[in-house]
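These notes are about the structure you will find just below.
Naming convention: chains lettered A, B, ... in sequence-line order (proteins, then strands); numbering from 1 in each chain. Both backbone and side-chain heavy atoms feed into the values below; hydrogens, waters and symmetry mates do not.
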Amino acid sequence: MNIKAPRGTKDILPEEAVSWQNIEKIALELFTSAGVKEIRTPIIEDTNLFERGVGDTTDIVNKEMYTFEKGDRSLTLRPENTAGVVRAYLEHGMFRISPPVKLWYKGPMFRYENPQAGRQRQFHQIGMEIFGEKKPTADAEAISLAVQFLNRLGLNDLTIEINSLGCDECRKKFREKLKFVLKPYLPQLCEDCQTRFEKNPLRILDCKNENCNKIFESISEQKDWNKIDLCPECLDHFNTLKDYLRALDIKYVENPNLVRGLDYYTRTVFEIKSFNLGSQNAVCGGGRYDNLVSLMGGDNTPAVGWAMGVERLNSLLPQKTEELLDYFVVSTDSKEAIKLVNLLRNKGKSAEFDFSGRKFTKQLEKASKVAKKAIILGEDEISNGYLTVKDLSTSEQIKTDINNL
RNA sequence: GCGAGUAUCGUCAAGUGGUUAAGACCUCGGAUUGUGGUUCCGAUAUGCAUGGGUUCGAAUCCCAUUACUCGCCCCA
């Protein structure tokens, strides 16, 4: 067969799936303990949802979406899940639930990008959103949950970067300031920056182009030209958040250049990075998006959220090994074996048996590889109504019956 | 979209123009007809990503294509 998994997609094989199950189990436990409810939204959504929600100046929407036409509608494989969650929040009237409304999700996302280390076309995210709370308490809770999640997975050495993008007013002023300062340098900046200048000047600060960065450093006529001037409310919001983070003993680094690539962020943005990931070093990204819900036609509803890349997360974790079965039934009588295995499973034990009635030694060899104990069910056992249970690590063997297992 | 590298069994690989393409792991079978995890023996690529070309002769050299990997960009 020469059909392979499509470019940028991967099979998660049983060995690796064990780690995924662990990650998902810990997510479920943590979120449940924090009153965060799970939501599962469709993998396909109306294309307009992302154009409006994610923002049509973003790379994600401009060139990375899997979009197809079906009938008279345009559908898109979700490139992220915040827009979908917001859509469901509005569609099901969750604004009537007493706030804050806390939701989490996990699942595949699709982005048509060039695959490389830590970047696939189908990848998976675990994320959460908090709706209806504008106070920095919600930001702190969101960040705290992300940190706790990583800690529970055994990851303690990650860098948390935070920044505030301000509210609409702050950003409007910031955009004007940036454009004013940068205008004389515009012809020298890279092509991307030139288009960003008109479309989304904030993202110029995200530019990785060396030349651009040199130019930015050389600009000195206006002090802190590349820093946003937060209005008193935004400043207070940001300071309070930092105060909460210190109280939670969460170490953070302020990164004034941190501008997330999605248009919907306001005020708080943050990223959690690892140096063990290569160039795709962000495990978690998120922030506040106070305008998104109203942009999608809802009432003004503040919100914060984040998403983690499960593949990236998994690559940081020591791999879990598969657990051994409780029992492997060794028998030349497949019918008796399958009956016994059913009984064991109904008692909550894990058990397997040999399907093809192979030689006794082969069955036992298999048992020693996959199970803690072997149950020998031969002619003697069947006719006399007992079971021989062999502990495969100690070689101890006892006669017993099903009720004692 | 741009740049670089790689492509030999399920997996890891040796092979650098000359007879039937090493080896290891995994799998399967046997030694061993009711006692395994150790050991020993055996089986398993008419084929080296695909298509062309050079040559008496190609896994090996050349070209193209495809896929993968790694960067840039962007992001999780």
Side-chain angles (χ1 to χ4, degrees), chain A residues 1-10 13 15 54 57-64 79-82 106-127 146 150 190-193 195-196 200 203 206-210 212 258-262 269-274 277-287 305-316 324 328 330-333 354 356 358-382 388-397:
Chain A
M1 184 165 84
N2 53 10
I3 299 174
K4 292 183 180 163
R7 186 164 166 75
T9 69
K10 277 218 168 74
L13 299 171
E15 238 174 87
V54 180
T57 68
T58 61
D59 279 5
I60 292 178
V61 170
N62 274 328
K63 42 188 191 189
E64 296 174 3
E80 56 94 62
N81 207 15
T82 298
K106 60 166 197 258
M109 308 295 158
F110 304 84
R111 263 123 93 160
Y112 189 75
E113 298 183 90
N114 243 330
Q116 59 182 269
R119 195 166 73 192
Q120 293 168 210
R121 291 182 172 180
Q122 175 176 343
F123 63 101
H124 297 75
Q125 288 187 332
I126 290 177
L150 295 166
C190 71
E191 237 178 85
D192 285 339
C193 282
T195 49
R196 285 175 189 139
N200 198 343
R203 294 185 56 213
D206 238 359
C207 187
K208 301 287 192 305
N209 184 301
E210 254 180 63
C212 292
L258 184 66
V259 184
R260 316 230 66 259
L262 292 78
V269 289
F270 65 96
E271 217 166 78
I272 304 179
K273 293 179 178 175
S274 165
L277 278 174
S279 56
Q280 262 62 49
N281 61 1
V283 213
C284 176
W306 50 257
M308 290 196 194
V310 182
E311 282 83 357
R312 290 182 190 180
L313 200 54
N314 191 224
S315 71
L316 293 171
L324 291 175
F328 189 92
V330 172
S331 177
T332 45
D333 189 330
D354 185 86
S356 53
R358 291 190 300 171
K359 278 202 200 169
F360 187 81
T361 49
K362 290 292 173 192
Q363 291 196 30
L364 206 54
E365 187 182 335
K366 168 91 173 180
S368 71
K369 283 175 187 161
V370 302
K372 293 178 211 152
K373 291 178 179 175
I375 298 180
I376 296 161
L377 182 62
E379 282 169 32
D380 198 40
E381 284 84 355
I382 293 167
T388 302
V389 176
K390 176 169 185 137
D391 187 308
L392 290 162
S393 53
T394 63
S395 292
E396 269 175 76
Q397 200 161 301

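Across the C1' atoms, B:rA14 and B:rA21 are found 10 Å apart, a figure rounded to whole Å. Comparing the same atom, C1', in B:rU55 and in B:rC73 gives a spacing of 45 Å after rounding to whole Å. Spacing between B:rU35 and B:rA49 at atom C1', rounded to whole Å, works out to 47 Å. With P as the reference atom, B:rU6 and B:rC62 are 11 Å apart, rounded to whole Å.
Contact annotation for A:Gln397: base contact, defined as any heavy-atom pair under 4.0 Å involving a base atom. A:Ile376 comes within 4.0 angstrom of a nucleotide base, judged by non-hydrogen atoms across all strands. Across all strands, A:Gly285 comes closer than 4.0 Å only to sugar-phosphate atoms, never to a base (heavy-atom distances). Residue contacts for A:Thr332: at a heavy-atom cut-off of 4.0 Å it reaches no nucleic acid atom on any strand shown. Within 4.0 Å of A:Glu15, counting heavy atoms only, lies no atom of the nucleic acid at all. Residue contacts shown for A:Lys273 are absent, as no nucleic acid heavy atom lies under 4.0 Å away. Here A:Glu379 lies in heavy-atom contact (under 4.0 Å) with a base. Among the heavy atoms of the strands lying under 4.0 Å from A:Gly118 is at least one base atom, whether or not backbone atoms are also near. Looking at heavy-atom distances under 4.0 Å, A:Glu113 makes contact with a base. Counting non-hydrogen atoms under 4.0 angstrom, A:Ala117 reaches the backbone sugars and phosphates but no base.
Separating the CG atom of A:Asp380 from the C1' atom of B:rU35 is a distance of 14 Å, rounded to the nearest angstrom. Taking atom CZ of residue A:Arg121 and atom P of nucleotide B:rU69, one finds them 11 Å apart after rounding to whole Å. Atom pair A:Gln363:CD and B:rG30:P shows a separation of 12 Å (rounding to whole Å applied). The nearest whole Å value for the distance from the NZ atom in A:Lys4 to the C1' atom in B:rU50 is 10 Å. We find that OH of A:Tyr112 is positioned 10 Å from C1' of B:rG1, with the value rounded to whole Å. When the P atom of B:rU38 is taken as reference, atom CG of A:Leu392 falls 13 Å away, rounded to whole Å.
For A:Asn114 and B:rG1, a side-chain-to-base donor-acceptor distance below 3.5 Å is present, hydrogens and geometry of angles not being considered. Side-chain to base pairing of A:Arg358 with B:rC28: no donor and acceptor N or O lie closer than 3.5 Å to each other. Judged by distance alone with a 3.5 Å cut-off, no donor-acceptor contact links the side chain of A:Arg7 to the base of B:rA67. For A:Arg119 and B:rC74, a side-chain-to-base donor-acceptor distance below 3.5 Å is present, hydrogens and geometry of angles not being considered.
Look at B:rU46: it lacks any Watson-Crick or wobble partner with both distances under 3.5 angstrom. Across all strands shown, B:rU38 remains unpaired; no Watson-Crick or G-U wobble contact has both distances below 3.5 Å. With a cut-off of 3.5 Å on both Watson-Crick or G-U wobble distances, the partner of B:rC72 is given as B:rG1. Base pairing of B:rA67: its partner is B:rU6, meeting the Watson-Crick or G-U wobble criterion (both donor-acceptor distances under 3.5 Å). As the counterpart of B:rA59, no nucleotide is assigned, since no Watson-Crick or G-U wobble pattern has both distances under 3.5 Å.
Side-chain proximity of A:Glu64 to the nucleotides B:rC74, B:rU32, B:rC70 is greatest for B:rC74. In the set B:rA76, B:rG37, B:rU35, B:rU35 carries the atom at the smallest distance from any side-chain atom of A:Leu364.
Both A:Met308 and A:Lys362 lie near RNA chain B, and the one whose nearest nucleotide falls closer to the 5' end is A:Lys362. Nearest-nucleotide positions on RNA chain B place A:Thr388 closer to the 5' end than the other of A:Thr388 and A:Phe123.
Side-chain contact check for A:Val54 versus A:Thr82: every heavy-atom pair is 4.5 Å or farther apart. Between A:Ser393 and A:Lys372, every side-chain heavy-atom pair lies at or beyond the 4.5 Å cut-off. Side-chain contact between A:Glu311 and A:Lys10 is absent, with no heavy-atom pair separated by less than 4.5 Å. Residues A:Met109 and A:Pro79 form no side-chain contact, since every pair of their non-hydrogen atoms from C-beta on lies 4.5 Å or further apart. Contact annotation: the side chain of A:Cys284 approaches that of A:Phe270 to within less than 4.5 Å [non-hydrogen atoms, C-beta and beyond].
Under the side chain to side chain contact (heavy atoms under 4.5 Å, CB included) rule, A:Val330 has a single partner from A:Gln363, A:Lys390, A:Arg358, A:Lys362, which is A:Gln363.
Between A:Lys359 and B:rG30 there is a side-chain N or O to OP1 or OP2 distance below 4.0 Å. Within the structure, every side-chain polar atom (N or O) of A:Gln116 is placed at least 4.0 Å from both OP1 and OP2 of B:rC70. Here A:Lys366 does not reach the OP1 or OP2 of B:rC28: none of its side-chain N or O atoms lies under 4.0 Å away.
The CD1 atom of A:Ile272 sits 10.0 Å away from atom CG of A:Leu313, with the distance rounded to the nearest 0.5 Å.
When all heavy atoms of A:Phe360 and A:Ile376 are compared, the closest pair comes out as CE1-CG2, 3.9 Å.
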